[in-house]
Amino acid sequence: MDTESSLKVLKIALKHRNDKSLQLIHPSDNGLQYCADHYQKELHKSEILSSMTQNSDRYKNAIAESINGFRKKEFMIDK
């Protein structure tokens, strides 16, 4: 995955965002595409908080993704 394609997908998602009044948090690992200066600038410009694990700990990210999966099922967000 490269920065340009990740940035393109982010912009598409922002374009189709329904409720712009809600604060967004962008969770990710410390992948180079998400740490790139122009990607972080787009998050900042769009008032999106960036959330990354410390020291690129992929196991912590997996735990966060698991918790998010439980929440989606609980609130039936993925349906």
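What you see below is based on every heavy atom in this structure, not just the backbone, and it leaves out hydrogens, waters and symmetry mates. Counting begins at 1 with the first residue of the sequence.
The residue from H44, Q33, H26 that alone fulfils the side-chain contact (heavy atoms from CB on, under 4.5 Å) condition with Y39 is H26.
Annotation: E47, atom CD; neighbour count of heavy atoms from other residues, nucleotides and ligands within 6.0 Å does not exceed 12. More than 12 heavy atoms of other residues, nucleotides or ligands sit less than 6.0 Å from atom CG of L49. Open room surrounds NZ on K15; 12 or fewer heavy atoms of other groups in view lie less than 6.0 Å from it.
Rounded to the nearest 0.5 angstrom, E42 CD and T3 OG1 are separated by 13.0 Å.
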For this session: Could you check L43 against L10 for side-chain contact (heavy atoms from CB on, under 4.5 Å), going step by step and ending with a plain yes or no?
Result: CA-CA 9 Å; L43 292 178; L10 174 63; 3.7 Å; yes
Problem set entry | Worked check of side-chain contact (heavy atoms from CB on, under 4.5 Å) between Q40 and C35 | CA-CA 6 Å; Q40 287 296 314; C35 295; 5.7 Å; no
For this session: Please step through side-chain contact (heavy atoms from CB on, under 4.5 Å) for the pair R17 and L24, ending with a clear verdict.
Result: CA-CA 11 Å; R17 186 175 170 199; L24 294 180; 3.5 Å; yes
Exercise. When you look at L14 and I48, which way does the side-chain contact (heavy atoms from CB on, under 4.5 Å) test go after all the steps?
Worked result: CA-CA 10 Å; L14 290 172; I48 299 172; 3.6 Å; yes
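Under the side-chain hydrogen bond (donor to acceptor under 3.5 Å, both in side chains) criterion, N18 pairs with no residue at all, not counting sequence neighbours. Looking at residues two or more places apart in sequence or on another chain, you find a side-chain hydrogen bond (donor to acceptor under 3.5 Å, both in side chains) between H38 and E4.
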